[in-house]
Amino acid sequence: MQAEAHKNLIGGHWIGDGERFTSINPSDISETVAEVHAATPDECAQAIAAARSAFGNWAESPLEQRKAALDFIGNELIERSAEIGELLAREEGKPMAEGAGEVYRAGQFFQYYAAEALRQTGENAASVRPGIDVDVSREPLGVVGVITPWNFPVAVAAWKIAPALAYGNSVVLKPSELTPASTATLADIIHRSPLPDGVFNMLQGPGEIAGSHVSGSSDVDAITFTGSVATGRMIARQAIENMARIQLEMGSKNALVVLDDADIDLAVQCAVNGAFFGTGQKCTASSRLVVAEGIHDEFVEKMIIATEALVVGHALEPGTQLGPVIDARQLQKNQDYLRLAREEGGTLETGGELLSLGTEGYYMRPALISGTNNTMRVNREEIFGPIACVIKVANYEEALAVSNDSDFGLTAGIMTNSLKQSSHFRRYAQAGCVMVNLPTAGTDYHVPFGGRKASSYGPREQGRHAREFYTVVKTAYVSP
Ligand code: NAD
């Protein structure tokens, strides 16, 4: 298939004079999914200038105009979720149903914030001084730089762009260079929506050029970033230099605790789902399985059977449950961690082998490692692949301590029938999202999402909490 060359969206025009790069299908590396013009430094400057010049009018725009634009985008994403989901599956490697589900969810974010655009309320307060009125209102921030990863190239962009626009900001998006076509489809819909030119702009290309132009610009008022901790730290330093507001959502090392009284079949189902679906390439993945000793052996036995039953295959093949890993670098990283796990004393119970299927792709079997402890590097560092490590613990107290003993804190889960212990875990798990008898991955779109420690920095994303990041508060005192 001859791939079309995508361009950058700048001030309402598709512009592309820069070098070309390609995205390839990780299920079949002989297939080029897209050719793309990387933004040049000059184009980056033009996009930021376009967003700046469009900001004033958009900040003053009638709320129904914002709602109409967001509804247009949300509705089209939902109507075309199967078609765009297939492109996403080809480019990212997730099974088609997950691709379609992601695009559908992206549409829901736009629909949700279309409604939120009408709910821009403030507060009225009594003054401590007689005869004075006080009110607290929120105003748009300005130009928001949006930098996104490859693992949810449509949904993460949607959950940032939709609130940015609803609250009256203009946007410069820099999507991942590994999944440019999926995000370009979203950009095309936004371009055709009733949004005025320049309110939304997109720059393609590597992080070091387009990304660092956005995060390093003194004309960008806020940066919202999702990606790795290393990149997040770099972006934070640049943003602070410019006094730009920042919101960072980064990696994790989520624990799923399984207690002796858990429903073991449900625990295995949640562990397999959380650890391996999405090929383990989710920030919410259950990479540490913290299992009480009374249930440990049976749990590991059942996990081996369930892991071996998973169908790894081409993302577009019906019946595929796990697609390939995103690229050769990540595949090598996964293999390196498997070797390290064995060197550290872990036992590879099943999986980890590279697979040769009908097409050449980055395939590996999901791996389950037992006999690990929480000091091992495989349990401290984010791998971001289909690898889960089992840590045996004596009881709930140790399970909670192990779960919390991490540099990260995005999600934490517990499998138990005890109300007492699940309630205690909800309160004391050091994570932004806590799941009881559910996989650690899988969240709603209308409530806050985010983590603690190295997983997140800045205000929460999603739901009404998003306005903490995308608006600035003004307190007015009026003497009538
Ligand atoms: P990454 O950090 O490599 O890249 C993320 C984005 O940053 C890309 O668009 C990249 O081009 C850009 N970038 C890279 N260098 C840059 C620079 N110097 N300046 C500006 N931008 C730069 O991350 P990734 O590999 O795309 O994504 C995987 C990571 O994302 C994992 O750590 C995962 O846990 C995390 N993630 C977190 C969440 C969450 O909500 N917490 C969600 C999804 C993914």
Side-chain angles (χ1 to χ4, degrees), residues 21 23 26 36 38-39 41 44 91-94 102 105 109 145-160 172-180 182-184 202-217 220 223-239 241-242 244 246-254 278-287 325-327 329-330 333 381-385 406-411 431-433 440-443 445 448-462 466:
F21 68 99
S23 71
V36 186
C44 295
E91 195 172 51
E92 199 270 354
K94 61 183 67 179
E102 175 177 341
R105 174 52 63 94
F109 279 114
V146 173
I147 301 179
T148 54
W150 51 265
N151 67 331
F152 288 96
V154 181
V156 175
W159 83 50
K160 293 174 185 294
V172 180
L173 166 69
K174 207 307 277 179
S176 169
E177 58 274 36
L178 295 179
T179 47
S182 305
T183 320
M202 180 186 62
L203 296 168
Q204 297 274 19
E208 299 72 32
I209 300 173
S212 65
H213 259 85
V214 173
S215 55
S217 169
V220 170
I223 310 284
T224 174
F225 164 83
T226 297
S228 62
V229 174
T231 311
R233 287 218 164 102
M234 214 151 50
I235 287 175
R237 278 189 221 107
Q238 282 181 302
E241 193 62 35
N242 292 316
I246 43 173
Q247 176 183 61
L248 309 173
E249 288 299 336
M250 299 166 286
S252 200
K253 199 72 202 172
N254 311 296
T279 319
Q281 300 175 138
K282 292 182 183 175
C283 52
T284 49
S286 322
S287 48
V325 162
I326 183 70
D327 63 6
R329 198 178 56 95
Q330 183 63 48
K333 186 175 171 194
E381 299 169 13
E382 184 182 51
I383 301 173
F384 219 55
S406 174
D407 293 337
F408 300 102
L410 184 55
T411 63
C433 306
T440 57
T443 55
Y445 59 91
F449 174 73
R452 298 183 184 183
K453 306 187 212 173
S455 291
S456 294
Y457 187 85
R460 286 282 183 268
E461 303 206 79
Q462 303 180 20

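Both ligands and their constituent atoms are indexed starting at 1 by order of listing. Note that the numbering runs from 1 along the sequence shown for the chain.
Closest non-hydrogen pair, G251 versus S455, comes out as O-OG, 2.8 Å. The nearest pair of heavy atoms linking P153 to T183 is O-OG1, 3.2 Å. The two residues S215 and Q238 come nearest to each other via the heavy atoms OG-OE1, 2.7 Å. In plain terms, the two heavy atoms of E382 and S252 that are nearest each other are OE2-N, 3.1 Å. Between E92 and I326, the shortest heavy-atom contact is O-CD1, 3.8 Å. L410 and A431 make their closest contact through O-CB, 3.7 Å (heavy atoms, listed as atom of the first residue, atom of the second, distance).
Residue nearest to atom 27 (O) of ligand 1, selected from P153, S228, P149, S215: P149 (by heavy-atom distance). Residue E382 holds the heavy atom nearest to atom 31 (C) of ligand 1 of all those in E382, Q281, M234.
Between Q238 and ligand 1, no pair of N/O atoms sits closer than 3.5 Å. Any N or O atom pair closer than 3.5 Å counts here, and E461 shares no such pair with ligand 1. Between T148 and ligand 1, at least one pair of N/O atoms sits closer than 3.5 Å. Of the N or O atoms in S252, none lie within a sub-3.5 Å distance of an N or O in ligand 1. Any N or O atom pair closer than 3.5 Å counts here, and T226 shares no such pair with ligand 1. Ligand 1 has no nitrogen or oxygen under 3.5 angstrom from a nitrogen or oxygen of N151. The shortest N or O to N or O distance between M250 and ligand 1 is under 3.5 Å. Considering backbone and side-chain N/O atoms, E177 comes within less than 3.5 Å of an N/O atom of ligand 1.
For atom 20 (C) of ligand 1, the closest non-hydrogen atom on the protein side is G211 C, 3.2 Å. Residue, atom and distance of the protein heavy atom nearest to atom 40 (O) of ligand 1 are F449 CE2, 3.2 Å. Regarding atom 26 (O) of ligand 1, its nearest protein heavy-atom neighbour is W150 CD1, 3.0 Å. With hydrogens left out, the protein atom closest to atom 17 (C) of ligand 1 is G207 O, 3.5 Å, a heavy atom. Of all protein heavy atoms, the one lying nearest to atom 35 (C) of ligand 1 is G227 O, 3.2 Å. In this structure, the protein non-hydrogen atom closest to atom 16 (C) of ligand 1 is T231 CG2, 3.5 Å. Scanning the protein for heavy atoms near atom 28 (C) of ligand 1, the closest one is F384 CE2, 3.7 Å.
Atoms of ligand 1 found under 4.0 Å from any heavy atom of C283 (numbered from 1 in listed order, with element): 34 (O), 36 (N), 37 (C), 38 (C), 39 (C), 40 (O), 41 (N), 42 (C), 43 (C). The ligand atoms of ligand 1 that sit less than 4.0 angstrom from a heavy atom of F225 are 2 (O), 5 (C), 6 (C), 7 (O). The atoms of ligand 1 that sit less than 4.0 Å from any heavy atom of L410 are 41 (N). If you number the atoms of ligand 1 from 1 as listed, the ones under 4.0 Å from a heavy atom of S212 come out as 19 (N), 20 (C). The ligand atoms of ligand 1 that sit less than 4.0 angstrom from a heavy atom of S176 are 9 (O). Annotation for ligand 1: atoms under 4.0 Å from non-hydrogen atoms of I147 are 6 (C), 7 (O), 9 (O), 12 (C), 21 (N). Counting the atoms of ligand 1 from 1 in the order shown, those under 4.0 Å from a heavy atom of I235 are 20 (C), 21 (N). Interface of K174 with ligand 1, defined as ligand atoms under 4.0 Å from a residue heavy atom, comprises 9 (O), 10 (C), 11 (O).
Between the side chains of S182 and E91, at least one donor N or O sits under 3.5 Å from an acceptor N or O. Residues N254 and T411 bring a donor and an acceptor atom of their side chains to less than 3.5 Å of each other. Side-chain atoms of W159 and E461 form a donor-acceptor pair, as typed in the model, at a separation below 3.5 Å. Side chains of K253 and S406: a donor-acceptor N/O pair is absent below 3.5 angstrom, by distance only.
At a 4.0 Å heavy-atom cut-off, ligand 1 touches P175 through the backbone alone.
Atom CZ of F449 has more than 12 neighbouring heavy atoms from other residues, nucleotides or ligands inside a 6.0 Å radius.
In this structure, the separation between OG on S23 and CG on D327 is 12.0 Å, given to the nearest 0.5 Å.
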Could you go through F225 and T231, starting from their C-alpha distance and side-chain angles, then the distance that decides it, and tell me whether this counts as side chain to side chain contact (heavy atoms under 4.5 Å, CB included)?
CA-CA 9 Å; F225 164 83; T231 311; 3.6 Å; yes
Would you sort out whether T226 and E249 count as a side chain to side chain donor-acceptor pair (under 3.5 Å), showing the intermediate values?
CA-CA 5 Å; T226 297; E249 288 299 336; over 6 Å; no
Between K174 and V146, does the side chain to side chain contact (heavy atoms under 4.5 Å, CB included) criterion hold? Intermediate values first, please.
CA-CA 6 Å; K174 207 307 277 179; V146 173; over 6 Å; no
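Heavy-atom distances between V156 and ligand 1 stay at or above 4.0 Å for every pair. Not a single heavy atom of F152 sits under 4.0 Å from any atom of ligand 1.
Of the protein's heavy atoms, none falls inside 4.0 Å of atom 4 (O) of ligand 1.
Between Y445 and R105 the shortest side-chain heavy-atom distance falls below 4.5 Å.
In this structure, K94 forms a cation-pi arrangement with F152, its terminal cationic atom sitting closer than 6.0 Å to the ring centre and no more than 45° off the ring axis.
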